Chemist: 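Below is one structure. I have some questions about it.
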Amino acid sequence: MKIHEYQAKQLFRAAGVAVPQGIVAKTADEAGQAFATLGGPIAVVKSQIHAGGRGKGTFKELPAQRGVVLVKSAAEAAENAKRMLGQTLVTIQTGEEGKVVNTLFVEQGVKIARELYLGIVVDREVGGPVLIMSSEGGMEIEEVAKHSPEKILSEPFDAVAGLYPYQARKLAYALGLDATAVRSAEKFLPQICRFFVNYDCSMVEINPLIITEDSQMMALDGKVTFDDNALFRHKDVVALRDLSEEDPSEVKAADTGLSYVKLNGNIGCLVNGAGLAMSTMDLIKIHGGEPANFLDVGGGANEQQVTEAFRIILADKNVKAVLVNIFGGIMKCDVIVSALLNAYEKVGFNVPLVVRLEGTNVEKAREMLKASGRPIISASDLTDAAQKVVKSLGI
Amino acid sequence: MSILVSRSTRVITQGITGTSGLFHSQQCRAYAAECQPGVDVFVGGVTPGKGGTSVDGFAVFNSVIEAREKTGANTSMVFVPPPFCADAILEAADAGMDLIVAITEGIPVMDMLRVRRGLESSRSRLIGPNCPGVITPGVAKIGIMPGYIHTPGTIGIISKSGTLTYEAAWQLGRVGLGQSTAIGIGGDPINGTDYIDLLEMFQNDPGTEGILMIGEIGGSAEQLAAEYIKSYVKKPVAGFIAGQTAPPGKRMGHAGAIISGGGGGAAEKMEALRAVGVIVSASPGGMGDAMKQALKK
């Protein structure tokens, strides 16, 4: 799960991680007031969407308007807010369709001496969290990694013990910070690492992480992704979820207990198991088709869940054919067929349907399909299924 | 011959009084009874607070150590729900289980980091979590895979995926190849056992003649496995990588299946494996044939 920058900074502040003063604004008036409350002389009005590249991003409706703007008066803050709220911001990370800005964060301007990069992720090979820093703040870290990997410093730390002060100093000296900034880093870095562990994050990224003119380390941005599996113990984080930032069909699928990712093709897929679902997408592509989605109904889905899965797939207007690929282990093939026939009645299929079944109760399932009299194309194995579904598109 | 699961394996189930824990313990018991008539392989279970009771003929104990002392179990199959599962795995390790097979899906990554740290000082081997388990066809299965799709034979399977492993076993069956042991290592970012340890065991197992390795996008375990194969694996290896069409930044069902920051893509994994002589099937429909081809080399 992701959260907005302003939410991340509220959590940072509560955890003792230094951030500039800032106020949330949902209207132009609020933005103007926020400027006045912060007291100037400058402030930054920042669009709140779950995507990066906002500063360079522009609005669909008004290409001259940027997603992050420096302002010098309350009036200027309000005017900019008016041009941003309710409009669609397009950045390198949002795709062409962009994202609607519903919330702004008005932040006190800070005098910046240096811009750095900070990231924390769990490294599978190390088997623990790693703090990544770079002198190249404000840049895409992937670009830095590609062109000047020597500028990336990484420091694994123990999830239980946290980042030791000597590790913070090691990084601070390597980044060439002055004595005051080193002391600030000694406090800041262990705090942010502690935050990562305590909140079960899967990623924290602060870009830029700044050194102020008075040599203090501070988070000027905040991108946080949480481990979905750990949300059960972080009710405060769950409360921060912004459903308007998520794909509605993916949200619906998750609520039903299905794992669904929308893609851009035209062949809908319903599969059990993540690995098999990914492979089915690959298979479609190999045979010249394009998958419309990833959908894993899981190992023990019931009939109602499977019916809902069909409903989600068929609600996608791009879907011109559907491929069902089930290898029944725990999932029984007859349950799938029963749900499929149910969906035929309730949802209605107006596109070709190819079904490949194998595993538990497969004989019974095949008989049910045959007896139904529905125009369902059955396939004997994976390759056969892919060929038949691509052929059914008539291209 | 086989690895991990043999005729001396004796299993208890942690979380045996839960719905799936009980169902799969029954399924596993039935499979073992068919393979080894008259031998009790699944000897009981653990649910704290329900010790002294029994469920469908399985004796229930309060703790793993008690279950081990009273039944002689050397293996634990874990079905404990995610919030409590890391603790259950550590308890099994503390009780000295040789093998711990964690089926549970959805354990927080931070919990698994603690488990990994805890296992460093232990002699237990953990398979999973979030995996279908381990099967030595004709001997016993510890997990949720359907037994009947597997046939005894000489191919070792190592896979990150569940149903894709069933698909692989089924395809092997169609080309007349059975399995020595099939292991699902799980689709989580942090797991107990990765490819390399299992490649080593299969290389050393006289009952295994070839290895089928099934990977997924995310991380670089497959690339590390490729390096290992180059230096140490003399037996024929075939492979497949799922997720060639997955878009970057999207999690594909498994917590570990995500392409991030230009790493962990299917193409570079396939390339790494091919470079060390592994026969990699481009299509998931060609895993059986790829194995057959690798054996001919």
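Hydrogens, waters and symmetry mates are skipped; everything else that's a heavy atom, side chains included, is used. Chain letters run A, B, ... following the sequence lines, proteins first, then strands; residues in each count from 1. Computed from a predicted structure; not experimentally measured.
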Chemist: Taking it one step at a time, do Arg124(A) and Asp188(B) satisfy salt bridge (charged side-chain N to carboxylate O under 4.0 Å, His left out)?
Modeler: CA-CA 10 Å; Arg124(A) 302 167 191 232; Asp188(B) 279 1; over 6 Å; no
Chemist: Val122(A) and Ile190(B): which non-hydrogen atoms are nearest, and at how many Å?
Modeler: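 Nearest heavy atoms, Val122(A) then Ile190(B): CG1-CD1, 3.9 Å.
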Chemist: Under 4.5 Å heavy-atom distance to chain B, tell me which part of Phe196(A) shows up: side chain, backbone, both or neither.
Modeler: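 Both parts, backbone and side chain.
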Chemist: Between Gly275(A) and Leu164(B), what is the shortest heavy-atom contact and its length?
Modeler: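 So the two residues come closest at O-CD2, 3.9 Å.
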Chemist: Does any backbone or side-chain atom of Glu167(B) lie under 4.5 Å from a heavy atom of chain A? Answer side chain, backbone, both or neither.
Modeler: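 Both the backbone and the side chain of Glu167(B) come within 4.5 Å of chain A.
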Chemist: So for Ile214(B), is it side chain, backbone, both, or neither that comes closer than 4.5 Å to the heavy atoms of chain A?
Modeler: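 For Ile214(B), neither part sits under 4.5 Å from chain A.
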Chemist: Looking only at heavy atoms and a cut-off of under 4.5 Å, which of Ser161(B), Gly106(B), Gly286(B), Ala282(B) has the most pairs with chain A?
Modeler: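 Counting heavy-atom pairs under 4.5 Å, the top option is Gly106(B).
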Chemist: Using a strict 4.0 Å threshold on nitrogen-to-oxygen distance, state whether Asp158(A) and Arg114(B) make a salt bridge.
Modeler: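 Salt bridge: no.
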Chemist: Minimum heavy-atom separation for Ser283(B) and Thr383(A), please, with both atom names.
Modeler: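 Here Ser283(B) and Thr383(A) meet closest at OG-OG1, 4.5 Å.
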Chemist: Under 4.5 Å from any heavy atom of chain A, what part of Ile149(B) do you find: side chain, backbone, both or neither?
Modeler: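 When you check distances to chain A, only side chain atoms of Ile149(B) fall under 4.5 Å.
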Chemist: So which part of Ile326(A) gets closer than 4.5 Å to some heavy atom of chain B, the side chain, the backbone, both or neither?
Modeler: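 Neither the backbone nor the side chain of Ile326(A) comes within 4.5 Å of chain B.
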Chemist: Taking atom types as modelled, find out whether Asn272(A) and Thr163(B) have a side-chain donor-acceptor pair closer than 3.5 angstrom.
Modeler: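 Distance-only check fails for Asn272(A) and Thr163(B).
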Chemist: Indicate yes or no: at least one non-hydrogen side-chain atom of Pro284(B) is less than 4.5 angstrom from one of Leu276(A).
Modeler: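 Not in contact.
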Chemist: Where does Phe232(A) contact chain B at under 4.5 Å (heavy atoms): side chain, backbone, both or neither?
Modeler: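 Side chain only.
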Chemist: Under 4.5 Å between any side-chain heavy atoms of Arg233(A) and Asp111(B), yes or no?
Modeler: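 A side-chain contact exists here, since the closest heavy-atom pair is under 4.5 Å.
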Chemist: Select one option (side chain, backbone, both, neither) describing which atoms of Asn264(A) are under 4.5 Å from chain B's heavy atoms.
Modeler: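 Answer is neither: Asn264(A) stays 4.5 Å or more from chain B.
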Chemist: Could you pull out the closest heavy-atom pair between Ala159(A) and Leu113(B), with the gap in Å?
Modeler: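 So the two residues come closest at CB-CD1, 4.1 Å.
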Chemist: Could you tell me which non-hydrogen atom of Gly359(A) sits nearest to which non-hydrogen atom of Tyr148(B), and how far apart they are?
Modeler: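 Shortest heavy-atom separation between Gly359(A) and Tyr148(B) comes out as C-OH, 2.6 Å.
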Chemist: Is chain B contacted by the side chain of Ser259(A), its backbone, both, or neither, given a heavy-atom distance below 4.5 Å?
Modeler: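 Looking at Ser259(A), just its side chain touches chain B.
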Chemist: Pro108(B) and Asp200(A): which non-hydrogen atoms are nearest, and at how many Å?
Modeler: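 The pair with the smallest heavy-atom distance is CB-OD1, 4.1 Å.
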Chemist: Heavy-atom pairs under 4.5 Å with chain A - which of Ala246(B), Ser220(B), Ala221(B), Pro82(B) has more of them than the others?
Modeler: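 Most heavy-atom pairs within the cutoff with chain A belong to Ser220(B).
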Chemist: Need one label for Gln171(B): side chain, backbone, both or neither, based on atoms under 4.5 Å from any heavy atom in chain A.
Modeler: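 Gln171(B) touches chain A through side-chain heavy atoms alone.
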Chemist: Would you say that Glu216(B) contacts Met278(A) through its side chain, given a criterion of any heavy-atom pair below 4.5 Å between the two side chains?
Modeler: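 Result yes, sub-4.5 Å side-chain heavy-atom pair found.
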Chemist: May I ask you to decide whether Arg174(B) forms a salt bridge with Asp381(A), counting only side-chain N to carboxylate O separations under 4.0 Å?
Modeler: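 Yes, Arg174(B) and Asp381(A) are salt-bridged.
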Chemist: Which region of Glu250(A), side chain (C-beta onward) or backbone (N, CA, C, O), has a non-hydrogen atom less than 4.5 Å from a non-hydrogen atom of chain B, or is it both or neither?
Modeler: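 Interface part for Glu250(A): side chain.
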Chemist: Find the one option among Glu290(A), Met281(A), Met203(A), His287(A) whose heavy-atom pairs under 4.5 Å with chain B are most numerous.
Modeler: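 Going by pairs under 4.5 Å, I would pick Met281(A).
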Chemist: Using a cut-off of under 4.5 Å on heavy-atom pairs, state which of Gly243(B), Gly162(B), Gly285(B), Pro146(B) scores highest against chain A.
Modeler: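 Max contact count across the listed options: Gly243(B).
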